[in-house]
> 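Mind having a look at this structure? Questions to follow.
Heavy-atom basis, side chains included; hydrogens, waters and symmetry copies ignored.
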Amino acid sequence: MQKICLYIHLSTSFNKTCLIYSSNMSRVFPQTPSPSHPSSYSASKPESFTIWMKSLVFNTRGCTVYNSKGEIIYRVDNYDNKCGQEVYLMDIRGKVLFSLLQKKLRLFGCWDGYKWDASSSKKQLWFRVRKHRSICVSLCDDMCTYKIVRNDGKLGFKIVDADQEGALVAEIKQKQTTTGINFGNDVFTLTVQPHVDQSLIMAIVMAYGLITNQI
């Protein structure tokens with residue numbers, strides 16, 4: 001099984017160098033610091049993130065996630081391996097938060113999401129994403145189901161709680177300037193609703209990207 005991961009510490013100077021010399025990245029956010037961020041975090045109000053569908057590692061496949069202050073919070077580094085069989089969601093320092101493992105011998109797309117315990121380096125099955133007529137997310141711990149609803153005619157989608165009459169959990173759409181101009185097909189705004197684990201939502205977004213061949 002091919003594992004796709006990068007365990008390195010990106011120093012502040014390295015981050016600044018990447019952001020200074022990458023014109024594509026600078027259009028998303030200029031030079032930014034990278035704070036520590038808890039592996040499981042929810043807020044009391046909606047929070048927005050910017051997802052750039054590029055890795056920090058030599059502009060290769062993956063994605064980089066910024067908070068509303070322009071600070072890098074999460075990253076996925078796939079090098080040149082598109083849709084690898086095992087993919088890792090990490091924080092900026094390379095600590096694994098979730099891993100996604102593609103299930104074999106399935107007629108339709110299926111990915112298992114594992115949450116990692118930083119203290120013991122053990123992982124626990126946390127959710128499962130299946131694609132049939134629609135894409136559904138089964139949360140193993142809470143015994144509830146999320147559904148991914150695509151936006152008609154537009155890039156992006158909503159994550160809704162199927163057990164709560166379709167209540168909105170998170171939404172991802174193309175990032176726009178203040179004048180309404182799209183940044184491009186690889187830059188998105190993710191809005192997460194209050195009291196929702198933001199790293200879990202990012203892992204689900206990552207699974208969607210794998211199913212749709214975007215990561």
> Does the pair M206 and V87 meet the rule for a side chain to side chain contact (heavy atoms under 4.5 Å, CB included), with working shown?
CA-CA 9 Å; M206 187 172 70; V87 182; 4.1 Å; yes
> Among the clusters formed by ILVMFWY side chains lying less than 4.5 Å apart, do L139 and W111 turn up in the same one?
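Same hydrophobic cluster.
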> My understanding is that only one of Y74, W126, W116 makes a side-chain contact (heavy atoms from CB on, under 4.5 Å) with F98; could you say which?
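Among the candidates, only W126 passes.
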> If I compare all heavy atoms of S55 with all of V76, which pair ends up nearest, and what's the gap?
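Of all heavy-atom pairs spanning S55 and V76, the closest is CB-O, 3.9 Å.
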> Using a 3.5 Å distance criterion without hydrogens, assess whether the side chain of Q174 forms a donor-acceptor pair with backbone atoms of V187.
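No, the answer is negative, given that no donor and acceptor are paired below the 3.5 Å cut-off.
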> So, do I172 and T189 sit near enough that their side-chain heavy atoms are less than 4.5 Å apart?
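The answer is no; the side chains never approach within 4.5 Å.
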> Output, in order, the C-alpha distance, side-chain angles, deciding distance and verdict of side chain to side chain contact (heavy atoms under 4.5 Å, CB included) for R150 and T212.
CA-CA 12 Å; R150 296 182 182 181; T212 57; 4.0 Å; yes
> Can a cation-pi geometry be assigned to K175 and F183, taking NZ or CZ under 6.0 Å from the six-membered ring centre and within 45° of the ring axis?
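Because its charged atom sits under 6.0 Å from the ring centre and within 45° of the axis, K175 does stack over F183.
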> Return the minimal non-hydrogen interatomic distance between S44 and H195, and the atom names on each side.
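Closest approach of S44 to H195, heavy atoms only: CA-CE1, 3.9 Å.
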> Can you tell if the side chain of D91 reaches within under 4.5 Å of the side chain of I73, non-hydrogen atoms only?
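Heavy-atom side-chain distance check fails, nothing below 4.5 Å.
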> Just by distance, do the side chain of R130 and the backbone of I135 share a donor-acceptor pair under 3.5 Å?
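A pair under 3.5 Å: no.
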> Quick one, L100 with L210, criterion side chain to side chain contact (heavy atoms under 4.5 Å, CB included). Give me CA distance, side-chain angles, the key distance, then yes/no.
CA-CA 9 Å; L100 283 171; L210 291 163; 3.7 Å; yes
> To the closest 0.5 Å, what do you measure between OH (Y88) and NZ (K95)?
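If I round to the nearest 0.5 Å, the distance is 16.0 Å.
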> With a 4.0 Å cut-off, would you call D77 and K54 a salt bridge?
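Salt bridge flag = no for K54 with D77.
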> Between T145 and C136, which heavy-atom pair has the shortest distance, and what is it?
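Closest heavy-atom pair between T145 and C136: CG2-CB, 4.4 Å.
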> Between V196 and V65, is there shared hydrophobic-cluster membership here, with clusters defined by ILVMFWY side-chain heavy atoms closer than 4.5 Å?
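Yes.
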> Strictly distance-based, threshold 3.5 Å: is any side-chain N or O of D186 a donor or acceptor partner for the main-chain N or O of M53?
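Flag not set: sc D186 to bb M53 has no pair under 3.5 Å.
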> Give a yes or no on whether L155 and F49 share a hydrophobic cluster (residues Ile, Leu, Val, Met, Phe, Trp, Tyr; joining criterion: side-chain heavy atoms under 4.5 Å apart).
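Linked, L155 and F49 end up in one cluster.
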> Take a 6.0 Å sphere around NZ of K147 and say whether it holds more than 12 heavy atoms from other residues, nucleotides or ligands.
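Check fails, neighbour count at 12 or below.
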> CG/L89 to OG/S99 distance, rounded to the nearest 0.5 angstrom?
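Here the interatomic distance stands at 9.5 Å.
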> Any chance you could lay out the salt bridge (charged side-chain N to carboxylate O under 4.0 Å, His left out) test for R128 and D112, step after step, and finish with the verdict?
CA-CA 4 Å; R128 175 167 290 167; D112 283 347; 2.4 Å; yes
> Would you sort out whether D197 and S42 count as a side chain to side chain contact (heavy atoms under 4.5 Å, CB included), showing the intermediate values?
CA-CA 5 Å; D197 184 349; S42 60; 5.6 Å; no
> So does E86 pair up with K123, basic N to acidic O under 4.0 Å?
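Counted as a salt bridge, because a side-chain N and a carboxylate O are separated by less than 4.0 Å.
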> If you compare all heavy atoms of A170 against all heavy atoms of V192, which two are closest, and at what distance to 0.1 Å?
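Shortest heavy-atom separation between A170 and V192 comes out as CB-CA, 4.2 Å.
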> Can you tell me how far the SG atom of C63 sits from the CE atom of M202, to the nearest 0.5 Å?
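It comes to 4.0 Å.
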> Centre-to-centre under 6.0 Å for Y208 and F157, is that the case here?
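They qualify: ring centres under 6.0 Å apart.
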> Does G184 offer a backbone N or O that forms a donor-acceptor pair with the side chain of N182 under 3.5 Å?
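Here the side-chain-to-backbone pair does not exist.
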> I need the minimum non-hydrogen distance between I92 and R75, along with the two atoms involved.
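Between these two residues, the closest heavy atoms are O-NE, 3.3 Å.
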> Hey, could you give me the CG/CD distance between N67 and E47, rounded to the nearest 0.5 Å?
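These two atoms lie 8.0 Å from each other.
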> What are the two closest non-hydrogen atoms of V149 and V160, and how far apart are they?
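Nearest pair, atom of V149 first, then V160: CG2-CG2, 4.0 Å.
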> Between atom OH of Y146 and atom CG of D163, what is the distance when rounded to the nearest 0.5 Å?
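Reported to 0.5 Å precision, the distance equals 9.5 Å.
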> Rounded to the nearest 0.5 Å, what's the gap from NZ on K158 to CD1 on I148? Could you check?
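These two atoms lie 14.0 Å from each other.
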